[in-house]
Amino acid sequence: MPEITKSYEPREVERKWYAAWLDAGAFAGRPAAGREAYSIVIPPPNVTGVLTMGHVLNNTIQDILIRRARLEGRSALWIPGTDHAGIATQAVVERELRGLKKTRHHFGREKFIERVWEWRSEKGGIILEQLRRLGASCDWDRTQFTMDAAYSRAVLAAFTELFRRGHVYRGKRMVNWCPASMTALSDEEVIMKPQSGTLYRVRYEFADAAGQFVQVVTTRPETIPGDVAIAVHPDDPRYSGLVGRSVWRPLNRAEIPVIADSAVDPKFGTGALKITPAHDRADYEIGVRHGLPVVDILNADATLNELAGPELSGMERFAARKRAVELLTASGALAGEEAYQHNVGFSERSDVPIEPRLTWQWWLRYPRVEEAKAAVRDGLIRFHPARWTKVYLHWLENIQDWCISRQLWWGHRIPVWYRKGIDRDSLSEADLADPSKLHVSAEGPPNPDNWVQEDDVLDTWASSWLWPFATMGWPDAGAMSKAGFDYFYPTSTLVTAPDIIFFWVARMIMAGLEFVRPGEPPARRIPFRDVYFTGIIRDTRGRKMSKSLGNSPDPLDLIESYGADGLRFGIVSIAPQGLDIRFSEERIDGGRNFCNKLWNACRFRQMSGPSGDNSSPGAILARIDPTKFDADDHAILERLLATTREVERCLREFEFSAASQALYGFFWNDFCDWYVEVSKAKLQAEDTRATCLALQDLVLRQALLLLHPFIPFITEELWSQLGYAGTGRGFIADTRIEDASGLAAALVALGADPDPRQAASVERMKLFVSQARALKAERGVASRRDVRFLVKADDAAWATLEANLPKLLRMAGAAEIARRDDIGGMSAAVTPLGTLGLDLAAQADAGAERLRLGKELEALSGHIAGTEARLANKAFVSKAPAAVLEGARRQLAEQLAKRAELERLLKSLG
RNA sequence: GGACGCCUAGCUCAGUUGGUUAGAGCACCUCGUUUACACCGAGGGGGUCGGGGGUUCGAGUCCCUCGGCGUCCACCA
């Protein structure tokens, strides 16, 4: 066996093991009879994406779940893939074309799409390579892309089916229009941002009474040419006589009526509202009610068109706003302006203000809304943390139809064909069902020459909402069977961020319920059983990480400096459940340091002596002789069982950082700082040596198993180096982890089950040792190992000390610990194993000693006063539970004894 | 406007169903090359739990209220 090197060098180890895992097909997820299935579908990153800290957290957690499932003997499948990300990807390629001074229209639809595919094969999907660096154990042979042929068939089949079931319709409605990408967006893709703008007060002159005006306020004076009316509230006394008269529109001058509509808020502004149906949702509604015309003054790119009139036509919308203000000022129509804070909707992707725009679009009435609500409300699907349930339900309760068409080229072209020569915009909803006018199918019409296909593509989310089952071959029976659909669906856990709960999570639930296993109970149709929402990674100042802020470190750089395992352990251990994460690079130090600690503990084990047979738990147990156990052996086994149990609980409850902290504390404090240190004495004695080494092997083996899902590379390496792999393929992942009860049972069978009383005595020894060290530090002899301690102990305490003497001498750094009936006049402390004095030739500084003991006495007296007060309180004595009362009494007795001893020590100092 | 979350040591967070005058990691101070590890070891200082009120024998832990930070939803021109 090669010698373990002095410090852990991740780079080579990571490369070696990842290649070995891939070679062996260790990540392949296959149905296995008699074994439970565990499956996860990755939230597909954009094909344009690169690895961010968010991905690191999210995918580390998925990998933890998957690797743990494998250790538990389940057949685990993690399906990776990427999302074609319509707008984002098209934008990337168009940006490249702009560099060549071209637009997508120079190429035409077909050629442009070819270009996108070229881009994708050259530069797309880098992120999947980066996930491998992180150690993600995805089944790469199953990598999916939402534009793959098979996946596309699923998307078209779903659309066709929804159309057939009457959930899809075409309608001319107000949509969120993104003038940058020139497409409609869904409501979810619009972000409201507070903006400081100006509220303009504009006068409209009465057509029948020159010199008389009605005033309105507006933030968008450039839309005035689109005004078709002025509206007031019907009950507004100020305007009671005005309804029915008409006013002059001050830009692109024309006569427009004054109408009454109760949607107008008389308390806002002047109480009179300009009605611009083409460019405002509320105005549109009012326009419809009153049969008003729609005057659309904007082009698709939000420049103004000829309907805006000669002065504004052709201008960009914000330039037009300035110009409109100038024109209004010049004509005297501008009555005032004031600064105004208001919210404006921005395109999530392009970050420009959206325009409400009246266009023909395809809409989806969400299917299975009630079932989707029930599935989560009734716990068929469990959200972690549970509070997201309410957010989810609230959205579903107020759900609006989904605009699923996009005026893009990159995406799934909507599988609808119009009969040639037909005016598609004159089709009624009833006409949509007429096969002589409209053809809807995945494969297209039989006689394509007579038909024209819809130009629009589907919203990207209208493909990714099928992800949990379209990645498993749906709807093709043969492909589903090959993918193990029956075995792996529904998936086990979805790990994602809460910001896509509407975009993706809710929609996947509805899609699963609608499309999968029709007629079967919801539990069989839902796409996943648990949803774990990670926090959002923020910088030290609490800002979301983003490219534009430049506050997002490159995870690959972090992997270079800290190792993938260090990064994984670090990020998981600082990610509290349910809260956002404040990231700073130094926090990853802890993960790296822990890996180094683990490495060196294993190195120490290797240097301590040849390992015996480590190839199976049975072989290790066979090397343990419980009759040689001392208190420390009991304690470490007890802690091992408790930690195993705690990790099981944490993973069951999705408390990943708590799990990592439990492992950290156990390994660093219980094992390294105490057990390994006392081992150094135990290994000196032939009598205890073999059992001590075997116990170390047992602990390390279990620790590596528990840690492997978190830090797979280093654990795999150490597993192999310490001989746990045995013969055969021997990956950790091929091992069945022993659960706490199994491990406990094995120890019981051996007669090696830990005795809690022995374990408790170790806690007393730890306090004894730290007091001894403190006395030495205080006297400036911390590094001397030849000092003598005197201890005044009762027989039981002395028996404990005597039985563990060699270890205690080593831990305290002393040459001798001797029993004395009287400790006084020296540096001393009261410990659970008696009063401890440091016997030095030099006189103790009595003043300093008195000060220290006095401080301790003072604190103790405070405690005593509190306890006495409680016990003197009749209400406490009569109402507190017996156990609490008993505890308080015992505590008081101990405190009093300790006080007496401290006082005696003080007195002895003169 | 509505909902949710958070406010505990300098920083980031734990504190299970209320029960010793609160813990961890990092940072800080002192000491230390003892045969795994300075990506280390030992020792130490440092919070009264955002403010106020209430319930209770007892509250960081339950209730009310005020304040601050954050997120989501809705959005009046």
- request: Determine the contact category for A:K776: base if any of its heavy atoms lies under 4.0 Å from a base atom, sugar-phosphate if only primed atoms, P, OP1 or OP2 are that close, otherwise nothing.
  value: nothing
message: Students often get this wrong, so: under 4.0 angstrom with heavy atoms, is A:E677 touching a base, only sugar-phosphate, or nothing?
response: base
Atom P, compared across B:C63 and B:U55: separation rounded to whole Å: 15 Å
statement: By nearest-heavy-atom nucleotide on RNA chain B, the more 5' of A:T867 and A:I581 is A:I581
Touch class at under 4.0 angstrom, heavy-atom based, for A:S878 against every strand present: nothing
message: Can you list every stem that RNA chain B is part of, counting only runs of 3 or more consecutive Watson-Crick or G-U wobble pairs with both distances under 3.5 Å?
response: B:1-7 with B:67-73, B:10-13 with B:23-26, B:28-32 with B:40-44, B:50-54 with B:62-66
- prompt: Which class fits the ring pair A:F667 and A:F671: parallel under 30°, tilted 30 to 60°, perpendicular over 60°?
  reply: tilted
- request: Quote, to the nearest angstrom, the C1' distance that separates B:C7 from B:U12.
  value: 13 Å
- prompt: Reckon A:Y340 touches a base, only the sugar-phosphate, or nothing at all at heavy-atom distances under 4.0 Å?
  reply: sugar-phosphate
Taking every non-hydrogen atom, the tightest pair across A:S573 and A:Q661: O-NE2, 3.0 Å
- request: Considering non-hydrogen atoms only, spot the tightest contact between A:L393 and A:K373 and give its length.
  value: CD2-O, 3.6 Å
message: For the residue pair A:R507 and A:W402, would you count it as a cation-pi contact if the rule is NZ or CZ under 6.0 angstrom from the ring centre and within 45 degrees of the ring axis?
response: yes
query: Checking salt bridge (Lys or Arg N to Asp or Glu O under 4.0 Å) for the pair A:R538/A:D580: CA distance, chi angles, key distance, verdict?
result: CA-CA 7 Å; A:R538 302 176 176 281; A:D580 287 352; 2.7 Å; yes
- prompt: Touch check for A:L199, heavy atoms < 4.0 angstrom, all strands: base, sugar-phosphate only, or nothing?
  reply: nothing
query: Within the structure shown, what part of the strands sits under 4.0 Å from A:A601 by heavy-atom distance: base, sugar-phosphate, or nothing?
result: base
- request: Would you kindly say whether A:E189 and A:S186 are connected by a side-chain donor-acceptor distance under 3.5 Å?
  value: yes
message: Using a 4.0 Å heavy-atom cut-off, does A:R587 contact any base of the nucleic acid, only the sugar-phosphate backbone, or nothing at all?
response: sugar-phosphate
message: Using the C1' atom as the point on both nucleotides, what is the distance between B:G50 and B:G70, in whole Å?
response: 15 Å
field: Residues A:Q696 and A:S608: side-chain donor-acceptor under 3.5 angstrom
entry: no
query: Hey, does A:C602 reach any base, or is it just sugar-phosphate, or nothing, if we go heavy atoms under 4.0 Å?
result: nothing
message: Roughly how many Å apart are B:U71 and B:G25, using the C1' atom of each and rounding to a whole number?
response: 27 Å
C1'-based separation of B:A3 from B:C39 [nearest Å]: 45 Å
task: Quick one: do A:V216 and A:Y200 satisfy side-chain contact (heavy atoms from CB on, under 4.5 Å)? Show the steps, please.
output: CA-CA 8 Å; A:V216 304; A:Y200 300 95; over 6 Å; no
task: Give the first and the last nucleotide of RNA chain B, reading 5' to 3', that has any atom under 4.0 Å from a heavy atom of chain A.
output: B:A3 to B:A77
message: If I take atom CZ from residue A:R568 and atom CD1 from residue A:I588, how far apart are they, to the nearest 0.5 angstrom?
response: 12.5 Å
message: Using the P atom as the point on both nucleotides, what is the distance between B:G43 and B:C6, in whole Å?
response: 35 Å
- prompt: What distance, rounded to whole Å, do you find between the two P atoms, one in B:A38 and one in B:C26?
  reply: 16 Å
message: Once you apply a heavy-atom cut-off of 4.0 Å, does A:R592 come out as touching a base, just sugar-phosphate, or nothing?
response: base
query: Looking across every strand, which nucleic acid part, if any, lies under 4.0 Å from A:D280 by heavy atom: base, sugar-phosphate, or nothing?
result: nothing
- prompt: Under the 6.0 Å and 45° cation-pi test, does A:K680 pair with A:F604?
  reply: yes
message: Say we look at B:G41 and B:A59: how far apart would their P atoms be, to the nearest angstrom?
response: 39 Å
task: With rounding to the nearest 0.5 Å, note down the distance linking CG in A:L199 to CZ in A:F268.
output: 5.5 Å
query: Between A:S770 and A:L860, who's closer to the 5' end of RNA chain B by nearest nucleotide?
result: A:L860
message: Heavy atoms only, 4.0 Å cut-off, all strands: where does A:R582 land among base, sugar-phosphate and nothing?
response: sugar-phosphate
- request: Could you check whether A:L273 gets within reach of a base, just the sugar-phosphate, or nothing at all, counting any heavy atom under 4.0 Å?
  value: base
task: Classify the nucleic acid contact of A:R538 as base, sugar-phosphate or nothing, counting any heavy atom under 4.0 Å across all strands shown.
output: sugar-phosphate
- prompt: Checking all strands, does A:H863 fall into the base, sugar-phosphate, or nothing category for heavy-atom contacts under 4.0 angstrom?
  reply: base
